[in-house]
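In the text below, chain A, chain B and the rest are named by the order of the sequence lines, each starting its count at 1. The figures that follow rest on heavy atoms only: side chains count, while hydrogens, waters and symmetry mates do not.
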There are 2 protein chains.
Amino acid sequence: MRSASRKQDQEPLTQRLTDGGFRFTPQREHVYTVLTERRDHPTAEEVFIRAKKGMPEISLATVYNCLDALVKCGLVKQVAVQRGAARFCPNMEEHGHFYCDVCGSVFDMELPAGQGAPVTMPKGFTVDHYEIAAHGFCPDCGARKKNVETIS
Amino acid sequence: MRSASRKQDQEPLTQRLTDGGFRFTPQREHVYTVLTERRDHPTAEEVFIRAKKGMPEISLATVYNCLDALVKCGLVKQVAVQRGAARFCPNMEEHGHFYCDVCGSVFDMELPAGQGAPVTMPKGFTVDHYEIAAHGFCPDCGARKKNVETIS
DNA sequence: CGCTGGATTTAGAATTATTCCAAATCTTGA
DNA sequence: TCAAGATTTGGAATAATTCTAAATCCAGCG
Ligand SMILES: [Mn+2]
Ligand SMILES: [Mn+2]
Ligand SMILES: [Zn+2]
Ligand SMILES: [Zn+2]
């Protein structure tokens, strides 16, 4: 049972698209499915590659289109944790990101609950949301680095 | 008295470049000066425009070069708060950024002192540094928005 | 049902931001 | 002084994204 195909599971997607002034289309559904079936942070290009598996005729322009619509509907987050290609995150819970400076992987990170505003805002600024990211080595790259140090 | 021209003021720059394995060059000094004489967050293109005022022959490639060297020496920060062109920040104190979603301006924000790690890191991750950004309306754009609402 | 206007998809062109390249120029230090 | 290596430069190349215009789709209407 492919969860995204059951009628009841489609409803929130359909609803959110409609509310955002968009139509429900097979491409948008498919891009959304592809994105939610793995908890990582693919680039548009990577989403395109994955999307072609189940929908070989889809175009890259459409993938950009769909991602844009999904972001505007609040179904997906766009994260700008590093320079270069934008990445897309299907996890809509509040969370931070860890970016591995060696391999470029992005991981979701839990935020310590109820710790209040992370920055002190001068008068006049209206905050919509925060973005918190940590940079460093992921477990794999940290281990590899240690090995290299030991060997040399 | 142009502050960046006094010998004693150049020393830290010279030193940091040398320590980073770079040479001290008029272009690198000039790009650094241009960047530090205003506390904002210009793109490489904007730095190029400013740099040409005092050094008309400088090329865009050199500006990218110099910015790269300055970042590698820890004299300047590269901030990736939004998609699109990278921005450069001459403020090396620890601070967060506010990004105005309307006009795209970036502001430095003080971080509440000693509040500890902003994210909970699972075992194996080694953190090098954090990046904290708030998104919303800057004072100007907030005011403009309120006016529009009142008028319409 | 068949039409029609607007939304969507598509391939490819265009644009933007950055990096690469190779030649000219500039140090540094034997 | 001179050679080797670093740096600068303009232009070409690349990467990521947006734009364009034609084809297709589809909801609502007669
Ligand atoms: Mn995420
Ligand atoms: Mn800053
Ligand atoms: Zn890694
Ligand atoms: Zn603003």
Side-chain angles (χ1 to χ4, degrees), chain A residues 10 13-34 41-52 54-73 75-76 78-88 104 106, chain B residues 10 13-34 41-52 54-73 75-76 78-88 104 106:
Chain A
Q10 284 174 24
L13 173 59
T14 317
Q15 196 55 57
R16 299 298 282 273
L17 283 170
T18 311
D19 292 355
F22 296 100
R23 288 191 185 159
F24 174 86
T25 69
Q27 287 85 350
R28 282 171 184 162
E29 180 191 27
H30 186 59
V31 166
Y32 183 64
T33 304
V34 148
H41 300 81
T43 63
E45 192 74 38
E46 285 162 352
V47 173
F48 178 49
I49 289 163
R50 294 183 200 176
K52 276 197 291 196
M55 190 180 268
E57 349 64 60
I58 199 169
S59 78
L60 179 56
T62 300
V63 169
Y64 272 104
N65 253 337
C66 294
L67 289 171
D68 190 57
L70 295 172
V71 168
K72 283 186 177 139
C73 294
L75 286 157
V76 155
Q78 182 163 14
V79 303
V81 71
Q82 31 69 263
R83 277 222 29 75
R87 288 165 173 279
F88 297 87
V106 178
Chain B
Q10 285 174 22
L13 174 59
T14 317
Q15 195 55 56
R16 298 298 282 273
L17 284 169
T18 311
D19 290 355
F22 296 100
R23 287 189 186 161
F24 174 86
T25 70
Q27 287 85 348
R28 283 173 183 160
E29 179 190 29
H30 186 59
V31 166
Y32 183 64
T33 303
V34 147
H41 299 82
T43 62
E45 192 75 39
E46 286 162 352
V47 173
F48 178 48
I49 290 163
R50 295 183 199 174
K52 275 197 293 195
M55 191 180 266
E57 350 63 59
I58 199 170
S59 79
L60 179 56
T62 300
V63 169
Y64 271 103
N65 252 338
C66 293
L67 289 172
D68 190 58
L70 293 172
V71 167
K72 283 185 177 138
C73 295
L75 286 156
V76 156
Q78 180 162 16
V79 303
V81 72
Q82 31 69 262
R83 275 222 30 74
R87 290 166 171 279
F88 297 87
V106 178

Step-by-step side-chain contact (heavy atoms from CB on, under 4.5 Å) determination, A:V76 to A:V31 = CA-CA 11 Å; A:V76 155; A:V31 166; over 6 Å; no

Stepwise, does the side-chain contact (heavy atoms from CB on, under 4.5 Å) test hold for A:T18 with A:F24?
CA-CA 7 Å; A:T18 311; A:F24 174 86; 5.7 Å; no

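Taking atom CD1 of B:I58 as the reference point, atom C1' of D:dG10 lies 14 Å away to the nearest angstrom. The separation between B:D68 atom CG and D:dT7 atom C1' is 13 Å, rounded to whole Å. Taking atom NZ of B:K52 as the reference point, atom P of D:dG10 lies 10 Å away to the nearest angstrom. When rounded to the nearest whole Å, the span between CZ of A:F48 and C1' of C:dA11 equals 10 Å. As a whole-Å value, the separation of A:R28 CZ from C:dT10 P is 11 Å. Computed from coordinates, the A:L70 CG to C:dT9 C1' distance equals 15 Å when rounded to whole Å. For the pair B:Q82 CD and D:dT17 C1', the interatomic distance rounds to 14 Å; values are reported in whole Å. For the pair A:H30 NE2 and C:dT10 C1', the interatomic distance rounds to 16 Å; values are reported in whole Å.
Checked by atom type and distance alone, the side chain of B:R87 never pairs as donor or acceptor with a backbone atom of B:A44 at under 3.5 Å. A donor-acceptor pair is defined here as one N or O able to donate and one able to accept, closer than 3.5 Å; such a pair exists between the side chain of B:R28 and the backbone of B:R23. Under a 3.5 Å cut-off, the side chain of B:T43 and the backbone N or O of B:E46 do form a donor-acceptor pair.
A search for side-chain hydrogen bond (donor to acceptor under 3.5 Å, both in side chains) contacts involving B:R50 returns B:D40, not counting sequence neighbours.
The shortest distance between the side-chain N/O atoms of B:T62 and the OP1/OP2 oxygens of D:dT9 is below 4.0 Å. The phosphate of D:dC25 has neither OP1 nor OP2 within less than 4.0 Å of any side-chain N or O from A:Q27.
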Going 5' to 3' through nucleotides 12-30 of chain C and flagging B where a protein heavy-atom sits under 4.0 Å of the base, S where only the sugar-phosphate is that close, and - otherwise, we get -----SBB-------BS--

